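Mind having a look at this structure? Questions to follow.
Convention: sequence-line order gives letters A, B, ...; per-chain numbering from 1. These numbers were taken from a predicted model, which means no experiment stands behind them. Scope of the values below: all heavy atoms of this structure, side chains included, with no hydrogens, waters or symmetry mates.
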2 protein chains.
Amino acid sequence: MATIVEVARLAGVSTSTVSHVLNDTRNVEPSTRAKVMAAIEKTGYRQDAVARAMRRARTDSIGLVVSDAGEPAFAEMVHGVEHAAAARGLTLVLANSAEDPVREERAVNTLLSRRVDGLIIARCAASSAAVSSRLESESPRPVVLLDRVFDNSPHDQVGADNRESMRRLVEHLQAAGHRRFLLVAGDQRVPTLVERFRGFRDAIRDADLPQQVVVDAVDMAEVREKVAAALEQGDATCVIASSTPLAVATLECLRDAGLTTPEQIAFAAFDGFSHSDLFRPTITTVRQPAFEMGAAAVSLLIDRLGAPDASPRTLRLNQTLELRESSENYRPGVS
Amino acid sequence: MATIVEVARLAGVSTSTVSHVLNDTRNVEPSTRAKVMAAIEKTGYRQDAVARAMRRARTDSIGLVVSDAGEPAFAEMVHGVEHAAAARGLTLVLANSAEDPVREERAVNTLLSRRVDGLIIARCAASSAAVSSRLESESPRPVVLLDRVFDNSPHDQVGADNRESMRRLVEHLQAAGHRRFLLVAGDQRVPTLVERFRGFRDAIRDADLPQQVVVDAVDMAEVREKVAAALEQGDATCVIASSTPLAVATLECLRDAGLTTPEQIAFAAFDGFSHSDLFRPTITTVRQPAFEMGAAAVSLLIDRLGAPDASPRTLRLNQTLELRESSENYRPGVS
DNA sequence: CTGTTAGCGCTTTCAT
DNA sequence: ATGAAAGCGCTAACAG
């Protein structure tokens, strides 16, 4: 590749003039500019982003660490982040922690070492304290927490209105006549799942319902076991799964138990499945605006670059309650 | 951040010694090494990948351009690429062309300008010639084509055995009694879809079947229109969709036409839906090993770095034919 | 309006 | 076994 020096020589100007033409950073005589453009054309010159980043304070890149690249919801967030970043001329550097704190820490270090202008991260469930302090000490490099938001976080964050959505979902199901629920709540180290659990508790308490069965196992095999046991005991009329993986496990249990939805038991899930309208049963779902969350994280990052000392913001995007067959047609008299 | 100079000063050695300790690139007296390590610890020093890349020929990063980050199959490929790259200490820089040749070209330029060690790209349907020549002139920076492979490509490529898989699928359906198919073939500028179409033709020809109805519209609205019309005419007993988006459109048409699967019409699709076992109808699917394809692309890239002049390789991973309800229970006598 | 030049932080010859 | 020093390609004072 040609360098800026060759372009300058060919155009008969200094490298600084070439640089200024390239970046439009000071006035250049039209004729000079033309000579430079011609030289660029002839040499096939392209700016070297590495050398540029070396000199400047910024790299025009951002890092994203997701906790599970295999989950469709995270794939959507990646898509949203990429879209918003590209729209602002930022390049995306992607890493996946796969819910492993060691890989998470390695990913964060790699990205920081590459001098990304900012970092968006969906912390993994067992995220280490080392990562937290590393992130905090990295100021003024902005960090935005995605999906998994924390109380009193020193960082900007974007999540969903999990607690409120779960409450609305449960209220709807109660109004439809359900009084005995089985909540498949999942790993309670994950803030998102904690929030959903709290929303559930809120709704149960406010409706003066008795205690409900909650499965909060971490391991999926254990989840299946406990859900199966709870179904066997059998007084729940409605099952709620707090995430897609939990919904998969739950649906498998329902199938194994020979329970059909919604005839024998109602079902609802968070995050949901793609193209769910095309298949049966269609499942009542609280849908996360994953793409928008990713895009919003980029916005927060950009805002933060412009105002490093503003106090941290937590953004919560609304989830939508999509009512479908799996929670319909419940007949209180029959239960 | 501390620099290598501060570490050197603190350790009472030269920067070159620190560098050699860091990269384990020449022998260092254990005691010296210890002093350096201590200084690194104390300063919290971390290597600056930008400066490092500036000096060396490599950046230890690879670029990936996907043509549609919203498609689950591509999300899986991204996941596979990330996984394989991370395993080799390579950082992934991600871009999405969204099937837009302008964005594709921009993405390629951005990645090259960042001096990625290699480039993996799923070309978009209307990919411009400018991109082709840009990619070819970038040697010796390796380029691997992903998913969408081309005849006589100067690059390494990894795709699926589309032609053979489609042939197997059609043969299976023929054996089950089907003689009139509707193929929803999609955009014939996309090599993957062309290959699937060819496999279909092969099978029809070898079975001496009459001409079949093929929908090859690009625009999804047009696809729906033509599929609806073909269904109305109504002599097909079996519909095959060549990709997930086409399957979605087709299933909507079937639903709108009031046709149930498999009772009234058989159905099969490529790429498929996630968690398809849990929903009805379960769909006979030719599944693409998307994750593995992404990982394989990284392998090809690495191999190529080691052997820049070997002739280009095309790798075709096997797809699996997953037989499910949507293609069962067809009764020839009734048709 | 344009040119000269000092680095950014690091790796890597070349000496010793 | 270690150090000195020359840049990698670029940007941004500073000077004219």
So A:Val13, base contact, sugar-phosphate only, or nothing? Heavy-atom distance under 4.0 Å. sugar-phosphate
What's B:Thr25 touching, base or sugar-phosphate or nothing? Going by heavy atoms closer than 4.0 Å.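 Nothing: the residue B:Thr25, judged by heavy atoms under 4.0 Å, touches no strand.
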Between B:Arg56 and B:Ser16, just flag the one whose closest nucleotide in DNA chain D comes earlier from the 5' side.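 Checking each residue's closest nucleotide, the 5'-ward one belongs to B:Ser16.
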Counting side-chain heavy atoms from C-beta on, which of D:dA1, C:dT11, D:dC10 comes nearest to B:Glu29?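 Looking only at heavy atoms from C-beta outward on B:Glu29, the closest nucleotide is D:dA1.
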Across the strands shown, which category fits B:Thr17 at heavy-atom distances under 4.0 angstrom: base, sugar-phosphate, nothing?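 Contact class for B:Thr17: sugar-phosphate only.
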Reading DNA chain D from 5' onward, which residue's closest nucleotide shows up sooner: B:His20 or A:Gln47?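 By nearest-heavy-atom nucleotide position, the 5'-most residue is B:His20.
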Any base atoms under 4.0 Å from A:Thr3, or only sugar-phosphate, or nothing? Heavy atoms, all strands. sugar-phosphate
Rounded to the nearest Å, what distance is computed from the CD1 atom of residue B:Ile40 to the C1' atom of nucleotide C:dG9? 14 Å
Touch check for A:Val28, heavy atoms < 4.0 angstrom, all strands: base, sugar-phosphate only, or nothing?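 Since only primed, P, OP1 and OP2 atoms lie under 4.0 Å of A:Val28, the category is sugar-phosphate.
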Selection from D:dA4, D:dT11, C:dG3 that lies nearest to any side-chain heavy atom of B:Ser14: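 Of all the options, the side chain of B:Ser14 is nearest to D:dA4.
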A:Arg26 has an atom CZ; how far is it from atom P of C:dT2, in whole Å? 8 Å
N/O donor-acceptor pair, side chain A:Arg52 with base D:dG9, under 3.5 angstrom: no
